[in-house]
Every structure is written in C-alpha cells, then in structure tokens.
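First comes the structure, then the notes that go with it.
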Amino acid sequence: MRIQKGIIIVILTLFLSGCWDETQYKDLTIVPLIGIEGEEGDITAMFAFPTFQNGQIEYSSSQGKGISTRAARSDANLQTMEALDMAHLEVILMSADLAKTDFAPSLDMFFRTPRNRITSYMAIVEGDMATYFNPPGKMKSEVSYFYPELLRTVVLYSYGANFTLQDAMKTMFDPAIDLALPYLQINEETGIPKVVGSALFSKQRYTGITLSSSESISSVIMANKINKYARITFEWEAKQTQITVNVMRVKKNWKIGTDTISASYDLDISVEEYAPHNLHEKKKREEVTAFLETSFKEHFDAVIKKSQEAESDILGFGRKVRAFHSGLWNQGDWQKTYADLPIEVEVNVRMKLTNIAE
Amino acid sequence: MKPNIEHVKKLVYETDDLFVKMIDWPFEEGIICYFTTLVDGGELNKQLALLKRQAEAKTQNWAISAASSSYPYTDDKLQNLLSLGETAIIFPNANIIVAINLKKEQARTTDEPENEHVITGSHEGFIENKDTNIALIRKRLLRADFVVKNLYTGNKNSDIVTYAYIATVADPQLVKMIDNKLSAISSDEFFTPGQLIEYMEEHTWSPFPQLLVTERPDRVASNLLEGRIVLLMDNSPTAILGPVTLFSFFQTPDDFNSRTLVGSFYRLLRIFSLITAIFLPAFYVSVVSFHSEILPIEISKQVKLAINEIPYRPFLEAFILEIFIELIREASMRLPTPIGQTIAIVGGLVVGDAIVSAGLVSNLMVIVVAMTAISSFVIPSAEMNMTIRILRFPFMLGAALFGFFGMVIGLLLLFIHLLNLRSMGRPYFSPVIPFDFTRFKDIFVRLPFLRFLRNGKKKGVRE
C-alpha cells in the first residue's frame, strides 16, 4: 500500500510540475547577434543567425518591426524558417539614435526568460543598423561571429569594461555611476565595422559624446578595471620617438574634499616598445618615467574633461561620494554636481619591466 | 536382509559404470563397489593393501586411515557414498561399510581468471574443485583462526556449500546468520552460484548485485581479513563474498599493487566512469531536447549541425544506438573469440559509420554512446558492469520526458533505493550513509598505508 502511494506521488509530481517545456534543439535557430534601432514604440530588430542545410553552416539575417523588441522578434519569427532563440545571444548592437532616447524598456525582453543569456555584450553603433549586418567592405568572417570576437578583444585589451547586458543595466540604473559602451563605426577605408571608442551615457541616455580609443583605455585604467593587457602608445616629440607601455597594476587613491576631488594613481608599467634603448641606466629610466607621468596625466585629464562635458561619471566617483560625503552628494543631481567639480589628477609611474636584457 | 551384489546393483538402478565384486578379507568376504568413472583404480589397490594389513593386525580402528572411514550399513548411506565418488566395501555380517575416498581428479590448472586480469600481483585463479580452491585461500592465510564449514543443503542433502571466515575478525552474529540462511535453503534443483546468490540476497529485484563474485584467491583472502565471509561451491570456480558495499565493486587488486598516486588516479577515473556510464546519454538527451542554452556557442553550432537533419527525437536516436551497442556486446560475448572480434569491428566501425551517413543517428550521438560504452567497461566487476548499463535506460527516459528535472527525479529514486539496500544485513551504501570519513575518502583515493608511515616517523627512521 505504501509503495503504491509512493509511486502515485512520484508520478503526480512529474506530471504536475509543469516541466513540459521541451524545446527540441533542432527546431530552434540560435541567434548570436541582434541589432535594435528605431525609437520607443517603433522598434526595428535585426537578427543574424547561422542556418544549417545539407551539413553546412550558412549565415542569414532577418528583420522584424513592432511596437516593442518582443513584437519585432515575433514579427521576425514569421519570416524565419525556425523559431528564433535568444539563449545564445552574444552581442546586442544598438543604434546611437535609439540610445539617445529612453531605451531601457526595449531591453526588458532579455531579462524575462530564464533561458536567455544576460552576459551578452552591448555596443552602440553609429548610423544605419543594416550596414552593420551587411557591411560594405569585404568581411572575412560572418557578422554573427565577427562582433562577439571583436568585443572579446575589446575586453582583453582593456578598451572597455563592464559592458555585458547585466553589468550595463546595473550601472545604468545606479545614480552614482554612469555607463560607457563600446562605440562602433564603419571604417571609411575598409568598409568594415571598427571599435572607435566608448559612448558616454548620462543617467539612462547616450549623450552623443564619445571617447577615442586611447581615451577609452585611459578611462579603464582610471577605473582600475584593466584586463590582461592595457597598452597605450605615446608620441615623444622632444626625442622624436614613440613609447608603448603596458599597465600591469593600478593603485588608485581618490581623496574627496568638500568641493574638490583629487585622484592620485600609482601605475606599474612594463615597456613594450621603446627604440632608443638603454633603460638600464638609471638616469634614462627617470627621464622616461617623468615623461610617462606627464603623458598619462594629459590623457587622464582629457578623460575627466570629456566626461564632465557629457555629465557622465563613468569612473564612479559618485559611489564614494554617496557613501562617505553626504554633504557633497546632497547638493542635488549628482551628474550636474560632477560636471562642475574640479578634479585634480596625479600620476606616479613605476617602471617594473623593460622586457629586454641590456 | 543382508546386502548382496544384486541388491547393490538395484540400489543404483543397474548402471553399467558400477564396479561391484566380492572381495576376500581377513575375517569375512566383503562386497567392493564403486563407480569406475569416478575412482582411480591404481590408487585404490594400494589403499586396499594397506587396509588389509591393518585388518590382519586386528586393531580396534583398522578401517580408519587418511583416506578411509567406516559407517554402519544402511541403503541410503551406501547410495550417498557411491554418488559422492567414494569406494564402499560392505561387510554384510558385521553390517558396516568401509568408505575409501579416492576420487579421480578432473581439474584444470589454476590459471588466471579470464575476466579478472591484473597487471601486477598473483595470477592464480580458482578452479572447479572446491578443495583446491580452499587450499589456495589457506595458502595465503596461514593462521589457525581461518575456519571452513561445510553444509549439505537442499532436500537431497547432496549439494555441499562451504563457507569460510576468519574467526577472530568476522562478526559471530554474521556467521550465525549465514549458517541459518544456508541451512534454511530447500531446493531440489542443482545449484549454481547464481542461484545461491539469489537465496542469500535480500533484494532479488534490485538491479544492484549485493554480493561480490570473484575467481581470485588473493581477492578472497584480503576480503576475509577485513571480516567478510566467503561462500564456495563444488564444481564452480566462483567465490561469493559478502557483506559488501557498492564501492567494493570498483576496486581491483591492482589498486593496492600500484603506486599510491597512480592507484588513486585510476580509482578516481573509475568513479568518473560510473558517472558518465549512467548519465552521459541522459545528459545529452536533456541538453538537446530541453536545455540547449547551456552549450557554449562554438559547440552549439556543431551540435546543431549534427542533429539538424536527424528524423528522430534524441531519445529514440539514443535508444537505437544503445540497443545496437548492447547487441554487439552480447553477440561478441556468445561467439568464439576470433569471430567475436570480427563482429565487434564490423558492428562498431562499419555499421557505426554507415548509420551516421544514412542519417539515422547523429555523429555526436555515436560519440556519446561510444564514450558511455567504454566507461561502463572500465568497471572491474562484470555484474556491476551489466547493472550500470541497464540503469542508463530509465535515466534516458526521464531525461527525454522532463530534461534535467527528470534526471534529478531518477537520481533521487536511485539514492532512495541504494540507501534501502542491504548486503547480508549491512548497509550497502555504507561509507556515504552511514557516513564514515576514513572509509569515505578510500572511495576516491588510495592513500599510502598510513599506519606503516606513522610508525616509521615515530622512530625517526626512514628505510
């Protein structure tokens, strides 16, 4: 009797648990790349995906229009052979025009389904979305493969940090820090998409101001979010040479006063490229270090200047201010406060490696 | 009625291999009878000469020698002695039987068992003669507390089951329980070790073997030293060991002969193979039917490419291939070795390749099933091996119906079952539940023989 009861309970558990959500993998189309443009209420979404025919992988894309991203996806579903599945989404491209409006609702869809990845990368593109799906230049690989690899490189070489969907949304809705996403343009010469820097956001909107790629690296160094490499090249006009350094370690120290901030950085660097050699001489080393300190400071100042211009606190000074300096925080809208705050940058460089035995 | 030649013949239904003649003896005429097929005539003559000399000397126990003894005469006893292969000399006036035990031995050599090879260590194996088998064990356990007990079981009391244990190590209650259980067996059928195991096990319907079967004397000896009991039957090279736990089936004598690190690695590998052998097809089925999102995108493209044009559901696909592998295995086992190998090659390579190009099964599924099959063959015990291979089918079904959820439900049922199992009254899932850390770690690694090391350290000597 007890065994019968047990069996009935097990069977009922199985049938009542509602796990009938079988989705045969062969009936799905995996979408690694999605592009969203338009404006709230009139969204156009583009999907790039591999198709599998006769034992070969080919790539195709599909477009859908609708009043929301979900509606656009449903629309695209009607024009695609198999159902579109976002579980493998690698990259979300968003047009700069949409990013300038209140675009957060159009990303809501990605958080609703537990199957969906929220670690896909986000990037902002300039101009028409269709040109990014079919670039005018001759691409060596498919777009759905190109963008994820491109953005992985961006992370690896510290051109940007924290731009997965999850991190981006978290940053965007935090009043004390602002978002910076990789910014893509079509390269005029080659006709291939290129990461040209970072798009600066203020609160939930794109400001239209971008950092250049070297400034992007500087901003990542300043936020101490560097990945494996953070290489930056300086032109040394006085000596008519160039020097490339890799920042290995960053120690930042932000001192926040009542109406001023002083940010001091200790950078451990390795020299990656320096033609004049002879860095084993102490005098030469000091000379190079001094040059690097001023150059880094120039770059850092430029980042601060641009971000203040954009009212975009991408480095997150606001977090420390909110936590420890309520007087400054309570002066009103933090982005406005930040824009007018004098910020003093100080850089100390320590040359840890010259990478050559002389 | 006094027994005579005709009477003896009738007792064995006048079979033609009975030798029965009158024999002269110092004090009266006897009847000598034996089965010519079972007794060595030359040896018998020597023994008879010895007994005659003893009888002439008229000592009290003239009938007793190293190979003979005497019993009061009954028809039953005569039948029994003859059928056991002894030679009986009947003295009708004295009403006694003198039995001489001179069996002709038909035994092969004690070669290494085919299915339990080891790389280093003893290469002896049991044979179809119980006495030789016990000798092989006793040779390894030169101690007085090694006890061998014979029991006549079954209704005709002719099937001898022997159980042996080490008196100072084995639990007396356990010994008593085994004795009771064996004595309670009543069956007219001829016994095989398999039948005996069914009588001894408590859970006949469980897929898990609850007693360890081996043909290796060294394995038996080391298990006896750990307090287990061994059951032996005549005419069978199989020794049955109990009580055991699930994890006993995953150890081989090689573990203890190889180096600690190497032994541990292979022990871990075997536990890993247990997991893949049970769960890999189920895992694959649930991934492609339910949880495709867990695949990294690079693999997912290949998976998709492989399964995109397969007409069947993954479960059916897996089922076809699993049945196919089982067929190959069964066929190659039943056929003589050279043909068996051919079948394995034809089945594995040719048909495997053809089935993929025909589009019936995806090549990924072939990889999964092949990997599963190989994993299951790693398990040292043949019975456990079968069990594991049967177990994967319910898991595949669960996965096909409910994905990972179904697998978890299956796993839950499996654990409940394992926790309920007992081997000779001892918990089957033992070092895990009830938990015992020292033995628990032995499942995964083989540590150095610590006691030895510790003693060395205390003395500050390192040899």
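In what follows, chains carry the letters A, B, and so on, assigned in the order in which the sequence lines appear, proteins first and then strands, with residues in each chain numbered from 1. Because only heavy atoms are used, hydrogens play no part in the values below, and waters and symmetry mates are left out as well, while side chains stay in. Computed from a predicted structure; not experimentally measured.
- Atom CZ of B:Phe324 sits in a crowded spot, with more than 12 heavy atoms from other residues, nucleotides or ligands closer than 6.0 Å.
- One finds the NZ atom of A:Lys26 at 8.5 Å from the CG atom of B:Asn308 (value rounded to the nearest 0.5 Å).
- The number of heavy atoms from other shown groups lying within 6.0 Å of CZ (A:Phe173) is above 12.
- Contacts between A:Gln56 and chain B at a heavy-atom distance below 4.5 Å involve the backbone alone (N, CA, C, O).
- The main-chain N or O of A:Tyr25 is found under 3.5 Å from a side-chain atom of B:Lys304 such that the two form a donor-acceptor pair.
- Only the backbone of B:Ala400 comes within less than 4.5 Å of a heavy atom in chain A; its side chain stays farther off.
- Within a 6.0 Å sphere centred on NZ of B:Lys181, heavy atoms belonging to other residues, nucleotides or ligands number more than 12.
- Around OH of B:Tyr312, the count of heavy atoms belonging to other residues, nucleotides or ligands within 6.0 Å does not exceed 12.
- For A:Tyr145, the OH atom sits in a loose shell: 12 or fewer heavy atoms of surrounding residues, nucleotides or ligands are nearer than 6.0 Å.
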Solution key, residues 86-94 of chain A side-chain donor-acceptor pairs under 3.5 Å, sequence neighbours excluded:
unit_1  : atom_1 : unit_2   : atom_2 : d
A:His88 : NE2    : B:Ser292 : O      : 3.2
A:His88 : NE2    : B:Leu295 : O      : 2.8
A:Glu90 : OE1    : A:Arg152 : NH2    : 3.2
A:Glu90 : OE2    : A:Arg117 : NH1    : 2.7

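- Of all residues spanning residues 296-303 of chain B, those with a heavy atom less than 4.5 Å away from chain A's heavy atoms are B:Ile297, B:Glu298, B:Ser300, B:Lys301, B:Gln302, B:Val303, arranged by number.
- In this structure, A:Leu78 places its CG atom where more than 12 heavy-atom neighbours from other residues, nucleotides or ligands lie under 6.0 Å away.
- Side-chain contact between B:Glu293 and A:Ile30 is absent, with no heavy atoms from C-beta onward closer than 4.5 Å.
- For B:Gln173, the CD atom is loosely surrounded, since the number of other residues' heavy atoms within 6.0 Å does not exceed 12.
- Nearest approach of B:Pro314 to A:Gln24, heavy atoms of both residues: CD-OE1, 3.2 Å.
- Using a 4.5 Å cut-off between heavy atoms, A:Asp85 contacts chain B through its side chain alone, with no backbone atom that close.
- No more than 12 heavy atoms of other residues, nucleotides or ligands lie within 6.0 Å of CD1 in A:Ile67, so this atom counts as exposed by the packing criterion.
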